[in-house]
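Each remark here refers to the structure printed beneath this line.
None of these values were measured; they are calculated from a predicted model. Proteins come first, then strands; the chains are lettered A, B, ... in the order of their sequence lines, and each starts at number 1. Just so you know, these numbers use all the heavy atoms, side chains as well, and skip hydrogens, waters and symmetry mates.
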Amino acid sequence: MGGNTVVWFRKGLRLHDNPALLAALDGATAVMPLFILDPHFLRPQNVGGARMRFLLESLSDLDASLRARSSRLIVLHGAPPAWLSEARRGGGGGRSAAHRGCGLTLFTARPGKPEEVLPRALKAWSAKRMCFEWCVAARVQGAKRTPDGSLHTPRTRDWEPYAQARDDAARQAAQAVNCEVVTPVGHTMYDPRAVIAANKGSPPLTYTAFLKVIDKMGGPLQPVADAPAVLPSPLPNAEALSGFSHGIPEAEALGYPPMDSDAAVAFVGGETQALRMLEAHLARTQWVAAFDKPQTDPTQRILPLSRTAVPSNPFEAAKGAKQSDGAGPSSGAPLLVPSTTGLSPYLKFGCLSSRLFARRLRELEKSLKMHTQPPTSLMGQLLWREFYYAVATGTPNYERMVGNKVSRQIPWARDEALIAAWENARTGFPWIDAAMTQLRTQGWMHHLARHCVACFLTRGDLYQSWEEGVRVFDRLLLDADPALNIGNWLWLSASAFFYQYFRVYSPVAFPKKYDPKGAYVRHFLPVLAKMPDKYIYEPWKAPLDVQRAAGCIIGKDYPAPIVDHETASKANMDKHAKAYAAHKAAHGGGGDDGDEKPSKKAKK
DNA sequence: TCCGACGTTGGAGCG
DNA sequence: CCGCTCCAACGTCGG
């Protein structure tokens with residue numbers, strides 16, 4: 001063996017429990033840890049500012065950890081400085097251009113794609129082996145329309161998700177220069193392909209079925225390895241590839257506007273912070289033991305911590321601090337802890353290994369007399385992730401409704417104005433708009449808040465396609481992981497996995513249970529800061545003099561509600577019932593696949 | 001083939 | 001504040 005080896009990082013931005021990295025180290029003389037800033041992801045239409053910053057921070061952290069081990073991260077991109085300054089000036093940008101944080105030009109020429117960079121790099125470095133993490137092909141592309149407007153995504157039968165095409169191209173590039181390619185599974189505990197195989201060739205479609213399958217399979221396939229103490233150094237001047245720039249840029253240099261002040265409080269990217277957060281959570285033994293997902297509070301906010309002085313244990317630091325109900329992110333605001341772990345962004349980028357998390361959880365659970373169980377326990381949350389990965393891997397056209405066998409075919413309405421109102425936090429429902437504002441500024445929402453806004457956009461109120469929701473979440477969430485994001489949208493829209501469409505979240509009653517004084521809404525929608533508690537979730541009901549006193553006139557300072565929730569949700573239930581009946585009519589008599597459109601003549 | 005229990009997280013009204 | 005029932009209405013699994 002021996003020779004020069006490349007470890008190509010995409011997700012998996014960590015040194016601990018990194019199978020691709022370990023495979024690269026085996027017998028290598030020089031190891032080039034490589035990250036390519038893919039222009040596909042440098043577009044605010046595809047990746048929002050908060051996630052781009054999280055990524056760049058994660059890269060800096062990885063670089064620092066590598067440098068402490070006599071190595072370094074080689075970050076290559078094809079953007080010459082002139083291209084970047086062009087980006088900063090902004091320009092077009094389609095429908096996204098008006099959004100905060102989305103003022104960047106749509107680029108037609110996008111140099112520096114991995115399939116351009118890799119052949120040059122492998123050749124220049126005389127690489128004998130390249131290792132990268134195997135990745136499920138579920139990348140979501142921008143929304144597209146058919147001329148008749150009936151479908152939401154292209155109907156090309158052989159349309160290949162982005163990651164699949166990228167990785168295939170990488171393999172070919174390596175083969176062309178006789179470079180061996182190794183692609184172990186590192187992102188999940190189980191190889192999704194093995195789960196599918198163990199279930200007779202198709203993914204399990206219920207959580208309990210999934211649990212049975214992995215029980216049969218035994219433990220996770222891969223052991224959990226520590227970070228290597230030292231790495232073979234990369235070739236000197238490995239970065240010097242003509243035609244490409246190198247180094248980790250600032251988000252501003254990539255054309256992103258300065259960070260929103262509220263965004264600054266949320267998450268700091270990188271493996272170092274991920275492990276720190278993990279330990280902080282595991283130290284709260286009783287909290288872990290009692291963790292019961294549906295009981296966690298969606299209105300708790302992320303702790304405002306300084307990006308330069310992160311407390312080693314935010315939960316200790318938060319002790320004694322009171323929840324602020326003031327408007328806006330005031331300086332010196334008390335620390336607020338999320339009611340969940342907030343580790344999802346770290347799992348998405350692989351700053352934290354799910355297998356390390358699971359192993360530590362299992363150890364802790366063994367030491368406890370009693371603890372909660374899947375699906376609602378913390379371990380249960382990690383297993384949901386595995387479940388969705390198996391479904392995503394085994395479902396062609398997973399990212400869209402048409403041609404997706406697990407998705408019910410629903411005749412969603414389409415109204416650009418409604419979608420835009422939802423996306424831009426202008427629905428007139430404070431709970432929905434506050435949650436969407438948290439998403440837009442911080443890149444994170446509690447799971448139950450996601451339920452509410454997803455139900456609202458789809459089956460609950462607006463009856464718009466879940467694909468529109470996927471698109472927005474995919475851009476704005478720090479933790480946007482297509483397999484999980486799409487799976488949850490299928491769930492919430494009652495298109496797959498969950499079918500009790502008559503259980504609709506009320507944008508008024510639901511948040512009241514957790515936060516009757518509306519502190520969460522007041523924080524994210526300062527315009528409503530002075531609205532009396534009684535009207536905080538339905539300000540349109542406040543008498544005009546109350547609105548005046550609160551300095552917030554509905555219809556002027558804050559939108560009037562774009563739908564009547566009671567009327568809309570009832571009408572939508574009826575539509576869903578008809579769509580289900582059409583499905584039953586089409587499949588009841590031994591019908592085949594789900595290609596046929598929902599029929600209008602469905603029986604009641 | 002039928003029937004009942006179950007499914008991570010609904011709302012409203014009642015006692 | 002809790003636990004319970006009902007609400008028009010679901011599909012899946014197992015016996």
Side-chain angles (χ1 to χ4, degrees), chain A residues 199-200 202-213 290-300 338-341 344 371-388 391 405-410 429 431-432 435 445-456 458-461 484 487-516 537-538 564-590 594 598 602-604:
Chain A
N199 193 51
K200 296 174 187 156
S202 68
L205 294 176
T206 65
Y207 191 78
T208 33
F210 169 78
L211 290 183
K212 277 181 200 161
V213 173
F291 187 91
D292 196 30
K293 187 62 171 283
Q295 303 306 316
T296 56
D297 181 350
T299 63
Q300 252 178 266
S339 60
T340 51
T341 65
S344 55
H371 58 83
T372 50
Q373 294 289 334
T376 60
S377 63
L378 270 184
M379 185 68 85
Q381 306 314 297
L382 283 175
L383 293 174
W384 276 108
R385 188 170 172 274
E386 303 290 317
F387 167 74
Y388 282 132
V391 181
K405 279 193 177 167
V406 307
S407 177
R408 283 284 187 279
Q409 305 296 302
I410 309 286
F429 290 90
W431 164 238
I432 301 297
M445 266 193 257
H446 184 277
H447 190 60
L448 288 176
R450 300 184 196 196
H451 273 221
C452 289
V453 301
C455 180
F456 187 89
T458 59
R459 66 187 168 86
D461 294 82
L484 284 57
N488 278 306
W489 277 97
L490 286 166
W491 185 293
L492 261 299
S493 64
S495 297
F497 317 120
F498 168 89
Y499 303 95
Q500 289 158 282
Y501 56 78
F502 39 86
R503 291 191 181 173
V504 173
Y505 290 91
S506 160
V508 174
F510 187 82
K512 240 182 224 175
K513 288 188 294 193
Y514 299 91
D515 186 7
Y537 294 115
E538 36 193 353
D564 178 78
H565 173 70
E566 274 66 35
T567 317
S569 57
K570 288 226 162 51
N572 292 343
M573 285 180 209
D574 197 49
K575 288 180 207 163
H576 242 59
K578 285 199 169 70
Y580 277 18
H583 172 84
K584 220 190 279 182
H587 293 261
K603 266 194 2 177
K604 256 189 74 177

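- One P atom belongs to B/dG4, the other to C/dC6, and the distance between them is 16 Å to the nearest Å.
- Comparing the same atom, P, in C/dC1 and in B/dT9 gives a spacing of 24 Å after rounding to whole Å.
- Listed by first residue number, the stems of DNA chain C with at least three Watson-Crick or G-U pairs below 3.5 Å are B:2-7 with C:10-15, B:10-15 with C:2-7.
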Let me have a per-nucleotide readout for nucleotides 8-15 of chain B, 5' to 3', with B, S or -, counting only protein heavy atoms under 4.0 Å.
BBBSS---
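- The backbone N or O of A/Leu383 lies less than 3.5 Å from no partner atom in the side chain of A/Tyr207, so there is not a single donor-acceptor pair.
- When heavy atoms are screened at a 4.0 angstrom cut-off, A/Lys575 is found touching no nucleic acid atom at all.
- Between A/Phe387 and A/Phe497, a ring centre-to-centre spacing shorter than 6.0 Å is recorded.
- Within a 6.0 Å sphere centred on NZ of A/Lys513, other residues, nucleotides and ligands contribute more than 12 heavy atoms.
- A/Arg459 and A/His576 form no side-chain donor-acceptor contact under 3.5 Å, judged by distance and modelled atom types alone.
- Judged as a salt bridge (charged side-chain N to carboxylate O under 4.0 Å, His left out), and not counting sequence neighbours, A/Glu386 has no contacts.
- Separation of the P atoms belonging to C/dC7 and B/dT8 is 25 Å when rounded to the nearest angstrom.
- Looking at residues two or more places apart in sequence or on another chain, you find a side-chain contact (heavy atoms from CB on, under 4.5 Å) between A/His447 and A/Lys293, A/His451, A/Asn488.
- Counting 5' to 3', DNA chain C first comes under 4.0 angstrom of a heavy atom of chain A and last does so at the ends given by C/dA9 to C/dG14.
- Looking only at distances, a side-chain donor or acceptor of A/Asn572 sits under 3.5 Å from a matching main-chain atom of A/Gly460.
- Here the side chain of A/Ser495 pairs no donor or acceptor atom with the backbone of A/Ser407 at under 3.5 angstrom.
- Rounded to whole Å, the C1' atom of C/dA8 lies 23 Å from the corresponding atom of B/dC2.
- Using a 4.0 Å heavy-atom cutoff across all strands shown, A/Arg459 reaches no nucleic acid atom at all.
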Derivation of the side-chain contact (heavy atoms from CB on, under 4.5 Å) call for A/Trp491 and A/Tyr388:
CA-CA 11 Å; A/Trp491 185 293; A/Tyr388 282 132; 3.5 Å; yes
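- Between A/Lys570 and A/Asp574, none of the side-chain N atoms (NZ, or NE/NH1/NH2) sits under 4.0 Å from a carboxylate O, so this pair counts as no salt bridge.
- Shown here are the side-chain hydrogen bond (donor to acceptor under 3.5 Å, both in side chains) partners of A/Thr296, two or more places apart in sequence or in another chain: A/His446.
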